[in-house]
Structures are given as structure tokens and as C-alpha cells.
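These notes concern the structure reproduced below.
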Amino acid sequence: MNVNGKHYRSIWLHTANPGIVQVIDQRKLPHEFIVEDLKTVSDVFTAIKDMHVRGAGLIGATGGFGMYLAALTAAGQLDSIDYFKAQAEFLKSARPTAVNLAFAVDRQLEIIRRFTASSTLIERVKKSALDIADEDANACRDIGKHGVKLIRDLEAKKSGNTINILTHCNAGWLAFVDYGSATAPIYAAHAAGIDIHVWVDETRPRNQGARLTAWELEQEGVPYTVITDNAGGHLMQRGLVDLVLVGSDRTTYTGDVANKIGTYLKALAAMDNNIPVYAALPSSSFDWNIRDGLTDIPIETRDSDEVRYVQGLSNNSIDRVLITTPTAAVSNYAFDVTPSRLITGLITERGICAADETSIKLLFPEMQQKHG
Ligand code: MRU
């Protein structure tokens, strides 16, 4: 997608030195656009854990490149599967909720197992990292193609009046490799000339909505308004929201959706106001082993200081200010689970389906065979 008119993905290999992975340091956006070099597995771990990179698809792709760097820096251990297993566990421990990280790292481990003694191992792991990134971008592009139909239907119903979409957190191209999941239908609708406007939840405590989604939409020229996290219900009651469109960090095969904390409350308010709620996700965000999202999806808790402090621009430098007492008791759950009954449907790269086991497995029949 565009940054000041130039096309970027959110992760790529350094053109002059393919031993370096490059990412955008998202902690600094929207105030500074900084490209960061990742050279070691430890760099990748820190970038994921401290959220230089974030979002389900992107942490998956970064984990895939992390395994490539593990191969590049393996020295005498290139034929040691135990070395790679340890690197994989280390990377997966960086963030627990989004399943894409485990998906990508395990996929790399499989390649490493198959080609462990081969002289082409490094090239194969590199190619696989690039494939994981390409597949993520392509899946998001296709989510856009399918999801735009929902927006067209709303356009027909509203006879050309503005379609108001509410989104939470950042399920945009910064959270994936390109296009984004929740934003892909939005970008497709905008490109098709449909009159849309996006309500962007600020998404405390890290403000991914206010800092990242708003910045992305602005770069693409999509009309938007940032709102406080608590404003959504009020807007819905006044008929100012036509569609809630969110991403997902992990979706069970029964349709429960783990997403950024606060998504559940939006879905509850939407249900009360008869507003459709769609989660947009590539199939790499499905967890085919989990039936009950509420009990079985691990919910990340993060540093209390993320709640105690707010970051922003002050006198031209990025700074943070304390908003509680320094010792305020704080809890910082990063995700919640929206039960499938509150989700109208799922938008995937294969099409749109209801958030239930039968419909999901109809779209992904190979998973029906694998998991019954
Ligand atoms: O904690 P983050 O910023 O990595 O949160 C993940 C998300 O970006 C959101 O939950 C998003 O809506 C899911 S889709 C990437």
C-alpha cells in the first residue's frame, strides 16, 4: 500500500543484502516512518514481542523470516534439528494469541525437517519465508474481492448514501503483509468509487486505531473519523454505523473470534442494534485444533505501563506521559473472544461464510478431512 505515494509492503528482504530483513517500526507511526533492519533471531523476537511489528499476519510473516535468519546464523548447527526446534519455540513465545506466528514458524520447521542435511536448506527456508509473505498478501487481496460485495449490497440498500463502517484496532496492511484483512474490502470499495466512511476506534492502550489505521486510511485517501473506544455503541444507536468490520488474531473452527480487546463489546452493541459484524481473516488465522474460543484461546496480558502511560508527539519528539499514579494497579488484557453467535460472518480468501463449524468446513473441506 502507499506511503507518501510510494508502494510498500510491511516486510521485505534488503535488496542489496538478502541476509537482512526489513520492517517498518510501527511504534513510531504516524509521527516517524522508520525502516528497521532485523539480522538475527533475537532481533526478530524483540521486534515481535515489543511490537515494532504487530498484527496477526505480519507477526506470522516475521516469524517465517525469523526461521530463515535462524538458518543463516546457524553456523555449525545447520544440521541440528534441536537447534531449529529451540529457535522455533523461542520465536513462538514472543506473542501467544495470534495463531499466525505458530502457523508460519511450524511451517518453516517442517521444511527444515525435510531438508536438514541438504546444501540447499538455507535457500529453501528463505523461499518458504517469501512464500508465506506472498500468500498472506494474496489472501488479503482476495478477502478484499469477496468483502467488497457486502459493501456493494449495503450501497444498493442505502441508495447511494455514504456507507459507514466501524473498525477496531488495526487489521490493515500494517498488520499483514499488504492490503490488510478488515481494510481490504474498504480499500476495494474505495477504489470502486463507493462512498464510504470509516469510524476508527482509537484502541487503547496502544492506540493502533488512532495511530495506524487512521494513518493508513489517510495515505489511501479513504474518509475516516477517529472515535474513542466507548463511542461505538452511541453511534450505532443513532443509525450511524452500517457495518462492523474487524480482523482476527485467532478464529476457532466453530467461529469464535479472538481479536483486540474491546471487540466483544462492539459486537454486543451491534447485536442490540441489528448491525452486521464481520471478521475478515486469512485462513492462517484459523485454529483447527480449538473448538471453544473462550476457554482455549490463550489471552496475552501485557506490561502495565502500556495502560499507565500514553505515547504521543510533544515538541516534535515522541514522548510518553503518565496518566495514572505511578503505582496504580492495572490489568492489561490485550485480546478478547467474541463468541460465534455474535458474528454475522467471516470473510476469508475463499469467500464469505457463516461463523459456524459446518459453514467454515464447507469452505475449507481439507480441514474437515484432517480434523473430522
Ligand atoms: O496487539 P496487536 O496490535 O498485534 O493486535 C492484533 C491486531 O492487530 C488486532 O487484534 C487486529 O484486529 C487483528 S487482525 C491483525
Side-chain angles (χ1 to χ4, degrees), residues 1 10-11 23-27 29 47-63 94-104 136-137 139-140 143-144 147 165-186 198 200-216 229 232 244-251 256-267 277-287 293 297-303 306-307 311 332-338 343 346-349:
M1 303 301 284
S10 60
I11 189 165
V23 294
I24 300 160
D25 184 350
Q26 300 192 17
R27 296 169 306 166
L29 287 172
I48 296 174
K49 185 159 189 63
D50 295 346
M51 293 175 68
H52 312 196
V53 293
R54 42 143 303 280
L58 179 56
I59 62 176
T62 311
R95 294 201 69 194
T97 300
V99 73
N100 304 60
L101 179 56
F103 163 87
D136 184 84
C140 286
I143 285 170
I165 299 169
L166 184 141
T167 193
H168 190 65
C169 195
N170 173 260
W173 72 266
L174 287 165
F176 290 86
V177 174
D178 212 344
Y179 304 97
S181 62
T183 51
I186 292 171
V198 185
V200 178
D201 284 351
E202 60 179 349
T203 320
R204 276 282 288 148
R206 291 186 71 104
N207 292 316
Q208 291 95 326
R211 294 190 306 106
L212 306 177
T213 305
W215 178 76
E216 271 194 25
D229 287 323
V244 176
L245 199 42
V246 295
S248 170
D249 295 274
R250 188 185 298 229
T251 294
D256 294 342
V257 172
N259 195 49
K260 182 53 59 187
I261 191 84
T263 304
Y264 171 54
L265 290 176
K266 295 293 136 55
V277 177
Y278 281 86
L281 58 140
S283 52
S284 51
S285 298
F286 277 113
D287 189 328
I297 296 180
I299 299 294
E300 175 182 13
T301 52
R302 296 188 59 84
D303 194 327
E306 289 186 352
V307 178
Q311 176 185 294
N332 188 8
Y333 293 99
F335 300 93
D336 61 24
V337 174
T338 302
I343 305 278
L346 306 173
I347 312 172
T348 76
E349 69 269 28

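Order of appearance sets the numbers: ligands from 1, and atoms from 1 within every ligand. No experiment lies behind these values; they were computed from the predicted model shown.
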What part of Met51 sits under 4.0 Å from ligand 1 if we count only heavy atoms: the side chain, the backbone, both or neither? side chain
Salt-bridge contact Arg27-Asp50 (side-chain N to carboxylate O under 4.0 Å): no
For ligand 1, note which part of Ser248 has a heavy atom under 4.0 Å away: side chain, backbone, both or neither. backbone
So, do Ile11 and Leu58 sit near enough that their side-chain heavy atoms are less than 4.5 Å apart? yes
Among all protein non-hydrogen atoms, which one is nearest to atom 4 (O) of ligand 1, and what is the separation to 0.1 Å? Arg95 NH1, 2.7 Å
Run the side-chain donor-acceptor check on residues 179-186: report pairs under 3.5 Å with partners two or more places apart or on a different chain.
unit_1, atom_1, unit_2, atom_2, d
Ser181, OG, Ala280, O, 3.0
Thr183, OG1, Ala171, O, 3.4
Thr183, OG1, Tyr179, O, 2.7

Tell me the protein heavy atom at minimum distance from atom 10 (O) of ligand 1, and give that distance in Å. Asp249 OD2, 2.6 Å
Electrostatic pair Asp287-Arg250, nearest N-O below 4.0 angstrom: yes
From the options Lys260, Glu300, Arg54, select the one whose nearest heavy atom is closest to atom 1 (O) of ligand 1. Lys260
Can you list the ligand 1 atoms lying under 4.0 Å from a non-hydrogen atom of Phe176? 14 (S), 15 (C)
Compute the shortest N/O to N/O distance between Asn170 and ligand 1 and return yes if it is under 3.5 Å, no if not. yes
Side chain to side chain contact (heavy atoms under 4.5 Å, CB included) partners for Ala56, two or more places apart: Ala98, Asn100, Asp249, Ser285
Under the side chain to side chain contact (heavy atoms under 4.5 Å, CB included) rule, what do Leu281 and Ile347 come out as? Steps first, then yes or no, please. CA-CA 6 Å; Leu281 58 140; Ile347 312 172; over 6 Å; no
Looking at Ala175, which atoms of ligand 1 are within less than 4.0 Å of one of its heavy atoms? 15 (C)
Determine whether the side chains of Gln208 and Thr213 contain a donor N or O and an acceptor N or O closer than 3.5 Å. no
Give the atoms of ligand 1, by number and element, whose distance to some non-hydrogen atom of Cys169 is under 4.0 Å. 7 (C), 8 (O), 9 (C), 12 (O)
Just to be sure I'm reading this right: ignoring hydrogens, which of Thr263, Ile48, Asn259 gets closest to atom 12 (O) of ligand 1? Compare them by their nearest heavy atoms. Asn259
With a cut-off of 4.0 Å, which atoms of ligand 1 are near a heavy atom of Ala171? 12 (O), 14 (S)
Report the C-alpha distance between Ile48 and Thr62 in whole Å, list the side-chain angles of each, state the deciding distance to 0.1 Å, and finish with yes or no for side chain to side chain contact (heavy atoms under 4.5 Å, CB included). CA-CA 8 Å; Ile48 296 174; Thr62 311; 4.1 Å; yes
Relative to the heavy atoms of Gln208, which atoms of ligand 1 are at a distance of less than 4.0 Å? 1 (O), 2 (P), 3 (O)
Subset of ligand 1 atoms that lie under 4.0 Å from at least one heavy atom of Phe335: 1 (O), 5 (O), 6 (C), 10 (O)
Partner of Asn332 under side-chain hydrogen bond (donor to acceptor under 3.5 Å, both in side chains), chosen from Glu306, Arg206, Glu300: Glu306
Please confirm whether Ala56 comes within less than 3.5 Å of ligand 1 when only nitrogen or oxygen atoms on both sides are compared. no
